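Below you'll find the structure, written out as structure tokens, and then a few comments.
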Protein chains: 2
Amino acid sequence: MGLDAAAPKSYIRHMSVHKLEITAQPREPDMPETLGFRPLYRQVKAIFVRRLMDGVWAPGAVLPSEGQLAAEIGVSQGTVRKALDELAAENLVVRRQGRGTFVAEHDERRILFQFFKLAPDQGAPRFPDSVVLSVTTGPADDAERTALDLQEAAPITRIRRQRSFDGAPLIVETVSLPQALFPGLENGPIPNNLYSLYAGHYGITIANARERLKAVALSAKDAAALGAAAGEPALQIDRIALSLDGTPVEHRLSLCLTQEVHYLSDLR
Amino acid sequence: MGLDAAAPKSYIRHMSVHKLEITAQPREPDMPETLGFRPLYRQVKAIFVRRLMDGVWAPGAVLPSEGQLAAEIGVSQGTVRKALDELAAENLVVRRQGRGTFVAEHDERRILFQFFKLAPDQGAPRFPDSVVLSVTTGPADDAERTALDLQEAAPITRIRRQRSFDGAPLIVETVSLPQALFPGLENGPIPNNLYSLYAGHYGITIANARERLKAVALSAKDAAALGAAAGEPALQIDRIALSLDGTPVEHRLSLCLTQEVHYLSDLR
DNA sequence: TAGTGGTCTAGACCACCTA
DNA sequence: AGGTGGTCTAGACCACTAA
């Protein structure tokens, strides 16, 4: 690690005191001097993200106070603050006035807020029940290779499950995971909250995801899993979930009956 | 207007100099003193939003510099900056280093980025062509009354149109608008970019929107407008668009064929 | 009461743009 | 060259929480 040489001269005096190396990166003469400019607070943020990835700061844990971090890294509290603010904006960290800054957890509250966009037409959003239909392994198919950015035929673990509200089938989905990242997952029990499992058991934090939605007609097989008629319209959700460093680590193809439920998208 | 009395005592000295009144709001004795606390920068932000609503700052215009605004209002540049940063985060304002801060416009670029989430499976996102099928007026139906938070039977203008990529029908939608807010709209020409019309002709800025998605089977009428078969699955998008002050001003019900197109939702 | 994050200020300097 | 937003610092005080 180490902070860029892009830090302005006037701070060098200050920075020369702290523990981080100033890695002098010589620039190409014909490159504008500012092309590689990265603000200090982003470098500090990168240090923090690294600590999250490495498990130095585990989910639920309290971070050191802003003042302590500032002193440790050798920057002002305002710079630490700006770095933490960005992490909070990305839901990687939760700040609570008077208490401290905590590493975000994948509890049901967060998942409901960030990752589960299906809500009942009437009533409050809630977490569905899950029944695992099968857990299988095999080489990645084309869709999985594209989604997960994998080499040909990389081994994949697939979880197929049905999810429901009060016993009424709602979703049938297939979750595809690279075995290299989740070894042995196919042998253990599969909890309802997968992201909590990824974090707790494999040290992989899902940071964000991208979903592509289509309306499709149910196949006979999917219809059977949902107790619906083949050909019935269903909402298809194709999700790619990314870890802290932006690597795609999960592909999920969900089919949802939307008679009494909708997908909520806030355009801000 | 005027800033809260909640401003800390140490700033009163400073604030007594500037032009804004300090409206003393007496508190209930049993209420915690901090319940009504609103940071200075949010009060400043509210002043700016008001100027956007009143058209003092029109779409595309340059705002005064941070320093000028700070001097005018009588707060520090940092406080103005924090207010503008939030407006930029809400896409109400665009900041460009070295140039200035501009009022956001509803040009195609912004709409594509913020409001139009349908993208071709292959190729770059783009704006569809539109053909107006009908413009009608009438009393609000139940769905419109709920969506637009209207009195019973408030008059509504409805625009029904078909949208397509390269002549291939993609969307058939009905846009419902309160006539009170958009008088005479039913008589004029209907441009492809409605939000630009709202802003330019009626001074109404769409700030954000909420969409609810379902998969449905096409009715015979909608299928005809799309050149598709009745019963075919379609993505139904139910949008409520809100103006700067949070008032719902537009309801839009769209039906989309998603064979070669998907709805993109980023989970962050 | 002590400690945390949140707000606010003041001032310096940097990166970027226009002219 | 001059102006704009962007970064960084230093220090004070406020709001909130827990012991």
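Below, all heavy atoms of this structure are taken into account, side chains as well, without hydrogens, waters or symmetry copies. Because the structure is a prediction, the values reported are computed rather than measured. Residue numbers start from 1 in every chain, and the chains themselves are labelled A, B, ... in the order their sequence lines are given, proteins ahead of strands.
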Between C1' of dC14(D) and CD of Q43(B), the distance in whole Å: 14 Å

Euclidean distance, atom CG of residue L63(A) to atom P of dG3(C) [Å, nearest integer]: 19 Å

Rounded distance (Å) that lies between atom P of dC14(C) and atom CZ of R38(A): 20 Å

Whole-Å distance separating the CZ atom of F102(A) from the C1' atom of dT17(D): 10 Å

Basic-acidic side-chain contact under 4.0 Å: R95(B), D85(B): yes

Nearest listed nucleotide, side chain of S65(A), among dT9(D), dG5(C), dT7(C): dG5(C)

Interatomic distance, L84(A) CG vs dC8(D) C1' [rounded to whole Å]: 16 Å

Out of dC8(C), dG6(D), dA15(D), whichever nucleotide has its closest atom nearest the side chain of F37(B): dA15(D)

N/O (side chain, Q68(A)) to phosphate O (OP1/OP2, dT4(C)) under 4.0 Å: yes

pair Y263(A)-E211(A): side-chain heavy atoms closer than 4.5 Å: yes

Whole-Å distance separating the CD atom of E66(B) from the C1' atom of dA10(C): 15 Å

K82(A) side chain near dT7(D) phosphate (N/O to OP1/OP2, under 4.0 Å): yes

Atom-to-atom span, CD of Q77(A) to C1' of dC13(D) - whole angstrom: 13 Å

L87(A) and its side chain to side chain contact (heavy atoms under 4.5 Å, CB included) partner, picked from V49(A), V103(A), V94(A): V49(A)

First encountered from the 5' end of DNA chain C, between G98(A) and R95(A): G98(A)

N or O in side chain of R81(B) less than 4.0 angstrom from dG5(D) OP1/OP2: no

Residues Y198(B) and S243(B): side-chain donor-acceptor under 3.5 angstrom: no

Minimum-distance nucleotide to Q97(B) side chain [options: dT7(D), dG6(D), dT4(C)]: dG6(D)

R99(B) side chain, from C-beta outward: closest of dG6(D), dT9(C), dT18(C): dT18(C)

Salt bridge E250(B)-R252(B), side-chain N to carboxylate O under 4.0 Å: yes

side-chain N/O T101(A) vs dG5(C) OP1/OP2, d < 4.0 Å: yes

Under-4.0 Å side-chain N/O to phosphate OP1/OP2 contact, S76(A) with dA10(D): no

Interatomic distance where CG belongs to D85(B) and P belongs to dG5(D) [whole Å]: 11 Å

